[in-house]
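Have a look at the structure below, then the notes.
By convention in this document, chain letters (A, B, ...) are assigned in the order of the sequence lines, proteins followed by strands, and residues within each chain are numbered from 1. Atoms considered below: every heavy atom in the structure, side chains included; atoms not considered: hydrogens, waters and symmetry mates. Because the structure is predicted, anything quoted here is derived from the model rather than measured.
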Amino acid sequence: MSRPTSTVEGAAGLVDEVEQPTATLWSDVWRKLKKDNQFRVAVVMIAIFMGMAVAPQLFFTKSLDPAQCHLEDTLQGPSRAHWFGTDLLGCDYYTRVVYGTRTSMEVGLIVASLTMVIALTLGGAAGYFGGATDQVISRFADIFFCVPTLLGSILLLSLFNTGGVAIVALVLVFFGWPDMTRLVRSTVISGKRRGYVRSAETIGASGGRVLRRHVLPNGIAPVLVFTAYIVGGAVAGEASLTFLGVGLRLPAISWGLQIQIAQTRFTAAPYLLFFPSLFLCLFIGAFVLLGESIRDALDVKMVDG
Amino acid sequence: MAEPVLEVDDLHVEFRTEEGTVNAVDGVGYKIAKGEVLAILGESGSGKTVHARAIMRILDSPPAHITAGQAKLHEVDVLALDEADMREVRGAKIAMLFQDPHSALDPVFTIGDQLHELLQARRGFSKREAKTMSIELLSRVGIASPEERLKAHPHELSGGIAQRVMVAMAIALEPEVLLADEPTSSLDVTVQAQVLDLLGSVVEETDMAMVLITHNLAVAVGLADRIAVMYAGRMAELGPAKDVYASPKHPYTAGLLRAIPDIDVREERLPGIKGAPPNMLRLPSGCAFHPRCPLADERCAQERPPFEEVVPGRWTACWHWDEVTR
Amino acid sequence: MSELLIDVANVVKHFPLNDKIFGSSGVIHAVDDVSVQVHAGEVLGVVGESGCGKSTLANLIMMLEEPTSGTISFRGKDVATFSKSERLAYRRQVQMVFQDTLGSLDPRMTIADVLTEPYTVHRDFLPKKEWPDKVRQLLALVGLDPNHANRYPHQFSGGQRQRICIARALALDPIVLVCDEPVSALDVSVQAQIINLLKDLQERLGLAYVFVAHDLSVVRQIADRVAVMYLGQVVETGDEARVLLQPSHPYTQALVSALPEADETGRVTGSRIILAGDLPNPAEPPSGCRFRTRCWMAQQKCADEEPALIERGTGRPTKCHFVTPTVDAPAAV
């Protein structure tokens with residue numbers, strides 16, 4: 001006989017053993033997430049905020065309209081016509097708060113994506129190639145760790161003194177990149193010892209290829225969680241810097257600005273402070289929840305493959 | 001047999017996971033007498049380790065649940081004891097030896113500290129008595145320069161020495177039953193021989209009953225009085241070691257015997273057991289072994305054979321036990 | 001004798017020991033002056049226990065590590081002098097199968113991805129449109145259902161995964177396969193299947209193997225020649241039946257006798273040689289003969305003079321001053 005029975009027999013018993021539907025580790029994670037209430041709440045909230053950022057008009061009505069600014073309506077409390085009341089100029093406050101979402105979303109996403117790109121590149125290289133590369137990158141990151149973030153941000157922003165989403169986002173990335181980079185680096189260091197990395201090396205795959213195709217994708221889990229937190233953190237950061245006067249300036253619409261303006265009028269019109277603060281907290285909270293739920297879902301599956 | 005020291009009866013352990021419930025131990029029972037060595041032979045998924053941990057009550061629950069059965073130490077069912085009473089039993093009445101000695105020893109403390117703590121806390125020895133006893137124990141397990149070794153930390157010891165230390169700790173409280181879970185599997189072959197010899201002599205000296213869990217048939221035959229074979233959480237066969245080895249009464253045992261490579265014979269084709277170890281989440285109907293069995297027929301696929309005594313002293317769970325050849 | 005493919009000549013590999021806690025520094029003598037040859041179509045078994053250096057040797061042959069000294073030559077050329085393309089060619093022709101089946105497969109990749117990854121590195125080996133067919137071919141070759149190509153590693157059993165790993169190793173039509181403990185992590189019932197598969201493939205495809213294992217019975221089934229290693233050195237080498245059935249070196253004798261042996265009636269046969277002591281610290285190997293600290297025949301000469309690995313009347317090179325032609329093997333041939 002051309003092929004000995006044992007190998008064919010080997011096949012025979014095997015067919016029935018592998019009957020589960022095609023399942024990746026990610027689809028298992030997704031299944032878990034779908035059932036998680038934390039995740040559902042987070043997704044709903046983020047979807048609403050996305051809507052507010054992209055198409056705020058959807059949330060307006062006839063009476064709730066940013067163009068509805070009548071000076072004689074100044075500083076009125078919440079009412080049926082104006083859900084969140086009116087601001088100093090008599091404009092509807094609700095719509096202004098809703099508009100603020102766009103700014104926060106922009107800042108959050110820009111900071112998160114830039115940080116992630118930098119962290120994956122630098123952290124990946126430092127972790128995988130080690131040696132001099134690692135030394136240079138790590139020491140460089142260490143320098144940043146030594147500078148107090150808040151102080152440094154204030155200084156830099158005062159220096160540039162232009163305001164605007166771009167510069168604020170850049171400053172936040174400037175001080176935020178070492179954290180995630182360290183995370184990526186340690187994930188890569190433990191990941192490169194995996195068996196499949198050695199296998200890839202034996203077929204001749206180059207270092208860069210192994211890093212891109214095997215190490216990073218398998219280590220992406222904690223990075224994703226961290227990214228969710230970064231969005232929340234960036235928004236909080238922007239609000240704080242704006243509140244301190246070095247972030248965004250008028251006529252930008254930002255919750256931080258609204259809070260800053262509201263603080264002096266707190267006794268007379270407390271709602272001016274309340275609503276933007278509420279939105280800010282909910283926004284940050286939604287991303288924190290997202291991060292938590294992803295982490296819980298990944299916990300069992302991904303921890304050690 | 002004379003009054004058994006340990007009697008396990010119809011033990012059932014379930015693992016409840018997201019993907020379903022696994023009957024990791026599905027009706028396991030046996031008796032073991034003083035001074036006897038019973039080997040439990042099985043591969044992955046057989047349930048041999050889970051059943052031992054169930055007896056010691058060290059399973060994580062959830063996801064494991066002991067759903068039925070008894071494990072009687074003399075007349076006391078240890079599965080029914082509360083945790084405080086069980087703590088008294090562990091180590092002093094029933095001890096367990098694990099596969100990887102380094103994971104069972106605390107890396108922060110010296111061997112001496114760990115032995116002393118055991119003796120002082122559980123047998124009320126004074127510090128000096130504990131020290132003397134520790135040295136004696138280490139000598140008994142064949143460790144040279146015991147006084148020196150007491151000062152060593154676990155990571156400084158080789159696998160063989162560490163396992164000997166584990167044996168010393170296991171017998172320190174003079175238990176009646178020792179559950180040895182693959183005690184030599186992680187050791188080099190030349191060291192395995194030493195440790196197995198040690199276990200054999202310990203049993204002889206102390207009249208302890210030992211349940212030796214292993215996947216290595218030759219190890220089992222060398223040391224055991226009786227062998228039990230487990231498959232997919234169920235008992236497949238049980239009988240005197242030499243008899244089971246010479247004329248197995250279950251096709252799985254026969255298959256294992258044939259599949260083991262023998263250094264003296266270079267086979268053109270090693271006879272194996274076709275198929276793969278069972279998927280515990282989706283066990284075959286009837287007899288769990290039937291998809292891989294050369295003797296299987298319709299009945300085997302439909303009806304699960306009972307585990308019963310077919311010949312005095314020989315138990316098996318197979319409809320075709322009398323057709324089994326080596 | 002067929003073509004000499006890989007010539008390992010006096011290879012040494014030392015790993016630096018950085019023990020910051022205890023302040024010592026030195027080297028671990030993982031491989032010390034080892035010479036072996038791999039011929040076309042032949043299976044070289046490398047046996048030994050932990051710390052003997054067999055896995056390090058496998059890694060050196062695979063160019064996953066560089067020797068501290070000595071040369072490894074492939075078809076006459078020193079691999080250290082390889083150009084980038086020669087190195088890539090080497091990787092195509094010399095492949096590896098590992099012990100850990102789950103760890104060596106990327107959990108995110110389907111089997112089809114795993115099997116075709118070599119083609120993404122060696123671009124001109126196979127045009128992309130032929131990949132699906134090749135995947136089916138490879139799976140059938142190792143006894144797996146070709147329809148399972150789109151499944152993930154964790155959906156297979158250990159034995160099936162090892163078949164996948166073997167299939168991947170064959171993807172580039174290699175001429176040498178280095179197997180590092182390929183069946184040690186598998187259940188006995190499955191080991192036999194994989195050993196049979198490896199034998200079939202070796203015969204059918206004319207492959208050379210470097211088969212590293214600690215289980216002598218397994219090695220007996222597949223090897224043509226065997227090299228026995230202890231503490232970084234080869235202590236005996238020769239034809240497999242001779243070495244395993246009539247070992248000349250005391251360590252080999254101890255290894256063979258340690259195998260639990262029972263005859264058909266279940267009676268334990270053969271005398272067991274129980275070695276004294278423990279494996280010495282690989283950072284401080286004993287002077288002279290490294291095995292002397294555990295050898296029952298050791299004498300002063302053993303401490304003073306390191307025995308050479310030469311033929312001493314038993315028909316094969318043995319690294320011992322007092323070699324006897326045969327010893328009672330544990331069981332008759």
Practice item. Return the minimal non-hydrogen interatomic distance between A:Ile203 and C:His122, and the atom names on each side. Key: O-NE2, 2.8 Å
Review point. Shortest non-hydrogen contact from A:Thr202 to C:Gln95?
Key: O-NE2, 3.3 Å
What part of [X] gets within 4.5 angstrom of chain A, counting heavy atoms only: side chain, backbone, both, or neither?
| X | value |
| --- | --- |
| C:Met63 | neither |
| C:Asp106 | both |
| C:Arg168 | side chain |
| C:Glu117 | both |
| C:Thr101 | neither |

Point to revise | Residues of residues 118-140 of chain A near chain C, each having a heavy atom less than 4.5 Å away | key: none
Point to revise | Side-chain donor or acceptor of C:Ser104 paired with backbone N/O of A:Ser199 under 3.5 Å | key: no
Practice item. Using modelled atom types only, decide if a donor and an acceptor are shared between the side chain of C:Arg91 and the backbone of A:Glu201 within a distance under 3.5 Å. Key: yes
Study note, to complete from the structure: One should read off an interatomic distance between A:Arg198 CZ and C:Asp100 CG, to the nearest 0.5 angstrom, of 9.0 Å
Revision key, fill the gap. Rounded to the nearest 0.5 Å, the OH atom of A:Tyr196 sits from the CG atom of C:Leu102 at a distance of 10.0 Å
Practice item. Mind ranking C:Val178, C:Val94, C:Val97, C:Leu105 by heavy-atom pairs under 4.5 Å with chain A and telling me who comes out on top? Key: C:Leu105
Practice item. Determine whether more than 12 heavy atoms belonging to other residues, nucleotides or ligands lie under 6.0 Å from atom CZ of A:Arg40. Key: yes
Review point. Is it the backbone or the side chain of A:Arg213 that comes under 4.5 Å from a heavy atom of chain C, or both, or neither?
Key: backbone
Revision key, fill the gap. Among residues 52-62 of chain C, those lying within the under-4.5 Å heavy-atom range of chain A are C:Asn59, C:Met62
